[in-house]
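One structure is given below, encoded as structure tokens.
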There are 2 protein chains.
Amino acid sequence: MTAAPKYSSSTENYLKAIFHLQKSDGIVTTNDVANELQTRPASVTDMLKKLKAQKLLLYEKYKGFKLSNEGRKVALQIIRKHRLWEFFLVEKLNFGWDEVHEIAEELEHISSKKLIDRLDEYLGFPKSDPHGDPIPDSNGKFTLPKQVDLLNLPLNKVAEVSSIGDQSAEMLELLGHKGIALGTKVEVKKKFAFDNSLELKFKNQLIVTVSEHVAKNVFVKYDE
Amino acid sequence: MTAAPKYSSSTENYLKAIFHLQKSDGIVTTNDVANELQTRPASVTDMLKKLKAQKLLLYEKYKGFKLSNEGRKVALQIIRKHRLWEFFLVEKLNFGWDEVHEIAEELEHISSKKLIDRLDEYLGFPKSDPHGDPIPDSNGKFTLPKQVDLLNLPLNKVAEVSSIGDQSAEMLELLGHKGIALGTKVEVKKKFAFDNSLELKFKNQLIVTVSEHVAKNVFVKYDE
DNA sequence: ATTTAATTTTAGATTTGTCTAAAATAAAAT
DNA sequence: ATTTTATTTTAGACAAATCTAAAATTAAAT
Ligand SMILES: [Mn+2]
Ligand SMILES: [Mn+2]
Ligand SMILES: [Mn+2]
Ligand SMILES: [Mn+2]
């Protein structure tokens, strides 16, 4: 029985970043990772070599890299911890869903597995975090919620905002102002062919306009 | 307005260790700290110099050292976090009081002040941790638990046995038999006016009777 | 008061993670 | 097919925190 190896916070942050980047693009570059982690490409290359040595990454210089099975497994456990802590902060400590990310960025590195499993139980085994992202179970499995972005939501269909693609401060400010948050019920009343901007209607009858750029980053779920 | 400086986990662990050591002995040595932190005296000396440079420590080589006011202030905030997390683990996540220390040793380094103040509120502003140690408030103040003998403990107040007056072999035999030891949690359920004998209840619901003579020699501490 | 022992500090290395500047390689443009 | 540009990697350095071995200082013993 081999004891679960401990990885540094830095290592964990790299694994998580690579996981997220290869989820969206499929292919990940050194620059992508440097940009995501606010560091330098040279530092990324250094770390890629270390991750390869630990068998967490498949890497050949100049050719590319991707997580190994073990690397993905570790990444998923970090993501599990991140999202469970976010859920805790919002549900139990009354934080806003837009102020928990930074704190979870630290909490995700607390090592105790027993702690996170107890927390999961205490929270009632939530399926998704406050941003609508799925929470992997202790085996790393999770069920992707069926969702589309607002651009692809059929007209006059009531749907619920379930996750946000671009979670930058600027985006969150815009959404806050327009009155769009997780759980908000919306329907698309009109789509302008000219610029793909949309008119959305809320439950309270209010109508707002959002750009194509915004619409592509707001994901909703709805019944068929 | 100066932003609160961030200290490394290592720095925080040193401050906390020195705080605890100077609490008991008054005087602290390089070896004490090395022993407490499972490290080498040479490493301690290195860190003492760094702490001095940060004005967290008053230090003159070969002569001795002690925390500065600022150093003590930081130490108390780490202790506050440590003990609040321990309380959380025991009260909310059903951990045993004997298995929370290691986890709190990591959690105490999470930096968000807002988090710890929200946690404090969520827990109902507890006065002491699962080991009976006082929890400093957000200004670093804490109230030492009140210490009285069992005769003077108010009815139905949960208290912790903190010291024994008469430590004769006969007394210790009696206490051992009744199940009373340092750290035992007890409350007084009934006091008989006839002979000042008491009925005590333990956490495990067991009830025992002790004489006035015994009660006068068992000291307990409790909050308020 | 010397000698001996313990404690503390320095000197010099090591590890981890980062950086800048320069070189190597790949991709894009002419 | 060259040339130019962008990306990636190496080379060399640095800060933080630790270590071992040796030197400096203080404390204890004879
Ligand atoms: Mn993180
Ligand atoms: Mn999230
Ligand atoms: Mn600690
Ligand atoms: Mn404690």
Side-chain angles (χ1 to χ4, degrees), chain A residues 5-19 21-22 24-67 71 74-75 78 105-106 108-111, chain B residues 5-18 21-22 24-67 71 74-75 78 105-106 108-109 111:
Chain A
K6 291 277 190 45
Y7 300 107
S8 69
S9 290
S10 192
T11 293
E12 293 185 342
N13 285 336
Y14 271 90
L15 292 175
K16 187 160 65 91
I18 295 169
F19 180 93
L21 289 167
Q22 69 183 28
S24 46
D25 310 82
I27 202 76
V28 198
T29 70
T30 302
N31 272 343
D32 286 343
V33 177
N35 189 58
E36 177 80 10
L37 293 180
Q38 303 273 68
T39 186
R40 295 292 170 182
S43 307
V44 174
T45 301
D46 288 342
M47 186 60 93
L48 295 180
K49 288 188 281 192
K50 290 171 196 162
L51 293 175
K52 183 186 183 182
Q54 291 176 283
K55 300 193 190 304
L56 297 167
L57 194 73
L58 307 173
Y59 168 59
E60 285 181 273
K61 64 178 180 178
Y62 290 115
K63 291 203 66 181
F65 53 89
K66 63 175 181 178
L67 294 180
V74 174
I78 306 304
E105 203 57 46
E106 288 183 51
E108 69 189 0
H109 305 293
I110 302 296
S111 62
Chain B
K6 291 276 189 44
Y7 300 107
S8 69
S9 290
S10 192
T11 293
E12 293 184 342
N13 285 335
Y14 271 90
L15 292 175
K16 187 161 64 91
I18 294 169
L21 289 168
Q22 68 183 30
S24 46
D25 308 81
I27 203 76
V28 199
T29 70
T30 302
N31 271 344
D32 286 342
V33 177
N35 189 57
E36 177 80 11
L37 293 179
Q38 302 272 69
T39 185
R40 296 293 172 181
S43 307
V44 174
T45 301
D46 288 342
M47 186 60 93
L48 295 180
K49 288 189 280 193
K50 290 172 196 161
L51 293 176
K52 184 188 183 180
Q54 291 174 285
K55 299 193 190 303
L56 297 167
L57 195 74
L58 308 173
Y59 168 58
E60 285 180 273
K61 65 177 179 179
Y62 290 116
K63 290 203 65 182
F65 54 89
K66 63 175 181 178
L67 294 180
V74 174
I78 306 305
E105 203 58 46
E106 288 183 51
E108 70 190 359
H109 304 293
S111 61

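Just so it is clear: chains get the letters A, B, ... in the order the sequence lines come, proteins before strands, and each one is counted from 1.
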What integer distance in Å separates A:His109:NE2 from C:dG17:C1'? 14 Å

Would you classify B:Lys50 as touching base, sugar-phosphate or nothing, given that sugar-phosphate means primed atoms plus P, OP1 and OP2, and contacts are heavy atoms under 4.0 Å? base

Separation of atom OH in B:Tyr62 from atom C1' in C:dA6, rounded to whole Å: 12 Å

What is the separation between atom CG on B:Leu48 and atom P on C:dT8, rounded to the nearest whole Å? 10 Å

For A:Ser9 and for A:Lys63, find the nucleotide of DNA chain C with the closest heavy atom, then tell me which residue's nucleotide is more 5'. A:Ser9

Sorted by number, the residues of residues 30-41 of chain B with heavy-atom contact under 4.0 Å to DNA chain D: B:Thr39, B:Arg40

How many Å lie between CG on A:Leu51 and C1' on C:dG17, as a whole number? 12 Å

Partners meeting side-chain hydrogen bond (donor to acceptor under 3.5 Å, both in side chains) with A:Glu108 (sequence neighbours left out): A:Lys16, A:His82

Mind checking if A:Phe65 touches a base, just sugar-phosphate, or nothing, with heavy atoms under 4.0 Å? nothing

I want to check one thing: is the phosphate of C:dT18, taken as OP1 and OP2, less than 4.0 Å away from some side-chain N or O of A:Ser10? yes

Could you state the interatomic distance from CZ (B:Phe65) to CG (B:Leu48), rounded to the nearest 0.5 Å? 5.0 Å

Measure the shortest side-chain to side-chain distance between B:Ile78 and B:Leu15 over non-hydrogen atoms and say whether it is less than 4.5 angstrom. no

Listing request: all side chain to side chain donor-acceptor pair (under 3.5 Å) pairs with a residue in residues 28-53 of chain A, at least two apart in sequence or in separate chains. A:Thr29-A:Asp32

Along DNA chain D, first and last positions that approach a heavy atom of chain A under 4.0 Å: D:dT7 to D:dT10

Let's go through A:Leu37 and A:Val44 carefully: what are the C-alpha distance in whole Å and the side-chain angles of both, what is the deciding distance for side-chain contact (heavy atoms from CB on, under 4.5 Å) to 0.1 Å, and is it a yes or a no? CA-CA 9 Å; A:Leu37 293 180; A:Val44 174; 6.0 Å; no

Once side-chain hydrogen bond (donor to acceptor under 3.5 Å, both in side chains) is applied, do any residues pair with A:Ser111, and if so which ones, sequence neighbours excluded? B:Glu106

What residues form a side-chain contact (heavy atoms from CB on, under 4.5 Å) with B:Ser10, not counting sequence neighbours? B:Ser8, B:Tyr14, B:Met47

Just jot down the side-chain contact (heavy atoms from CB on, under 4.5 Å) partners of A:Gln22, sequence neighbours excluded, or say none. A:Ile18, A:Val28, A:Lys66, A:Leu67, A:Arg72

Got B:Tyr59 and B:Lys61 here, is their nearest side-chain heavy-atom distance under 4.5 Å? yes

